[in-house]
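Here's the structure, in structure tokens; my notes come after.
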Number of protein chains: 2
Amino acid sequence: MTIAAPAKPARRAPRSRSSAETRIVRSIGEAIADRRLPPGTKLTEESLAEIFGVSRERVRKVLLLLAQRRVVTLIPNRGAFVAKPTAREAREVFEARRVIERSIMERLEGMPRPLPAEMLARLRDHETLEDAAEQAADRKAMIRLSGQFHLLLAEFAGNATLAGILADLIDRSGLAIAAFERQSSHTCSAEDHRRLIAALAGNAPGEAAALMIAHLDAVERQLDLDTKPETRIDLKAIFADEPA
Amino acid sequence: MTIAAPAKPARRAPRSRSSAETRIVRSIGEAIADRRLPPGTKLTEESLAEIFGVSRERVRKVLLLLAQRRVVTLIPNRGAFVAKPTAREAREVFEARRVIERSIMERLEGMPRPLPAEMLARLRDHETLEDAAEQAADRKAMIRLSGQFHLLLAEFAGNATLAGILADLIDRSGLAIAAFERQSSHTCSAEDHRRLIAALAGNAPGEAAALMIAHLDAVERQLDLDTKPETRIDLKAIFADEPA
DNA sequence: CTCTCCCACATTGTGCACAATCTGGCTGGT
DNA sequence: ACCAGCCAGATTGTGCACAATGTGGGAGAG
């Protein structure tokens with residue numbers, strides 16, 4: 001298990017203690033998002049503590065936070081593992097995204113026209129980055145940028161609470177994709193995103209929302225959510241909290 | 001600050017360690033939900049540890065979990081406080097609920113008719129409880145039952161992920177209500193809920209979803225989200241993580 | 001040779017002691 | 001009288017030592 005070493009291994013005095021934790025959360029979160037840490041990977045407290053140059057207690061706290069966000073799974077007395085969503089959970093996450101992102105697009109479509117130039121500019125700048133990543137076949141960058149695109153739209157919609165919820169769902173859909181993607185490499189969604197921007201810039205009511213639904217459907221359809229799970233279930237883990 | 005003593009003060013051996021934590025989370029969560037712990041209340045680790053008969057470490061972990069759910073606010077070196085949403089956050093939470101609960105009602109409306117008898121029966125049983133609480137003017141029970149009603153609908157819709165998200169939003173809207181409700185006591189929503197059930201049992205497409213939107217709008221409109229905050233902001237807390 | 005039981009090791013869980021920080025009041029100076 | 005600075009008490013934060021638990025391998029019997 002390799003994790004990207006932190007940019008600065010605790011050299012400068014931390015401006016605040018909690019920012020060290022958010023840094024670690026982000027590091028691990030990104031490593032999970034771009035698949036350097038595939039679902040099921042064991043996250044040993046000691047190793048992480050050494051890698052990030054912090055005490056085990058701090059790592060423990062970070063893992064607890066990530067577990068709340070369902071990005072890692074905590075099994076009592078067994079340790080922390082990168083979460084491995086079930087097919088059902090994967091479907092639920094995509095449906096939740098459709099629900100939330102449809103409303104985000106509807107809200108953006110409901111904004112007074114023309115849309116702020118700055119908004120469109122930032123979206124198009126982002127799209128340029130996505131194109132570049134696609135050209136370079138930089139899969140990790142594509143995944144990260146794709147998530148950021150959806151989050152960017154959420155921020156423009158102006159509801160930080162919904163954006164926060166969506167951020168978690170994006171992380172989890174990344175896990176779902178990692179766990180269920182088919183062998184056949186799929187052409188990623190830069191083109192879809194371009195069309196979404198065009199629909200927003202244009203004026204056909206409902207088009208952007210419909211495109212977003214279609215986009216999320218397309219991503220979900222590229223997954224193999226029908227085959228039965230070949231990895232056998234860990235019964236002990238499942239029943240760890242049952243009465244004796 | 002008084003908190004309901006736990007039912008059994010750590011007498012029987014805990015079946016598992018984590019269930020003790022979930023018990024405390026629920027105890028505190030319920031105390032917050034039905035306003036025994038109003039927004040802004042300080043939650044001292046030591047006191048909670050004593051009350052629940054556990055070590056301070058465990059309380060600390062519980063507070064971290066509740067902070068993730070935005071039910072309590074953690075201020076470094078200052079302690080934990082029952083969260084006090086801003087007006088903006090309150091509006092965002094209600095909009096998020098409209099988004100999610102509209103889709104839940106749409107999904108329920110899309111189920112094959114007639115709806116399962118058991119589902120309607122459970123909803124009507126629940127409604128009976130709400131009526132009883134309203135008759136008895138048991139405000140705490142009304143609040144709790146109202147939240148459970150919305151959660152029940154979410155469960156019937158069959159998406160556990162969305163239901164989990166909604167559960168958090170319901171808690172937070174309870175906080176928003178506690179923080180912003182007007183002096184004038186409002187007639188609570190038992191009648192609205194009755195109409196929702198009727199719309200679901202009936203067959204007019206879109207009616208239940210529309211009623212849900214109206215219901216949530218009505219609850220939000222009963223709040224006073226326009227007056228400026230009289231409680232001065234804790235600047236130190238806000239800038240605790242800023243660079244020096 | 002295989003299967004089971006058991007033990008040693010590795011990893012996680014917990015309480016405690018001490019360090020760091022904040023609050024509120026007190027004191028001394030102007 | 002008022003204000004600044006400071007000190008004591010209270011509260012939170014952190015590392016460490018040890019306890020509890022799970023895992024894997026090896027020994028011994030069949």
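Just so we're on the same page: letters track the sequence lines, and every chain starts at 1.
Rounded to an integer number of Å, the gap from CG of B/Leu64 to C1' of D/dT14 is 14 Å. The CD1 atom of B/Ile75 sits 16 Å away from the P atom of D/dT11 (whole-angstrom rounding). In this structure, the CD atom of B/Glu45 is 12 Å from the C1' atom of D/dA10, given to the nearest Å. A straight line from CZ of B/Phe81 to C1' of D/dT11 spans 10 Å, rounded to a whole angstrom. Here D/dC16 presents its P atom at 11 Å from CD of A/Glu46, a figure rounded to the nearest Å. Atom pair A/Leu43:CG and C/dA10:P shows a separation of 20 Å (rounding to whole Å applied). Nucleotide C/dT12 holds its C1' atom 11 Å from the CG atom of A/Leu63, rounded to whole Å.
Contact annotation: B/Arg60 does not reach the phosphate of D/dT12 (side-chain N/O to OP1 or OP2, under 4.0 Å). The side chain of B/Arg58 contributes an N or O atom lying less than 4.0 Å from OP1 or OP2 of C/dG15. Proximity of A/Ser55 to the phosphate of D/dG15: a side-chain N or O atom is located under 4.0 Å from OP1 or OP2.
Screening A/Arg221, A/Arg182, A/Arg91 for a salt bridge (charged side-chain N to carboxylate O under 4.0 Å, His left out) involving A/Asp226 leaves a single residue, A/Arg91.
Between A/Arg36 and A/Asp34 there is a salt bridge, with a side-chain nitrogen of the basic residue lying less than 4.0 Å from a carboxylate oxygen of the acidic one.
The six-membered or imidazole ring of B/His126 lies away from that of B/His193, with a centre-to-centre distance of 6.0 Å or more.
Between the side chain of A/Arg78 and the base of C/dG13, no donor-acceptor pair under 3.5 Å is found.
Closest-nucleotide positions on DNA chain D for A/Asn77 and A/Arg56 were compared, and the one nearer the 5' end corresponds to A/Arg56.
For A/Glu57, whose side chain is taken as the heavy atoms from C-beta onward, the closest listed nucleotide among D/dT12, D/dC16, D/dT14 is D/dC16.
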List the steps and the verdict of side chain to side chain contact (heavy atoms under 4.5 Å, CB included) for A/Phe81 and A/Leu43. CA-CA 5 Å; A/Phe81 303 82; A/Leu43 299 173; over 6 Å; no

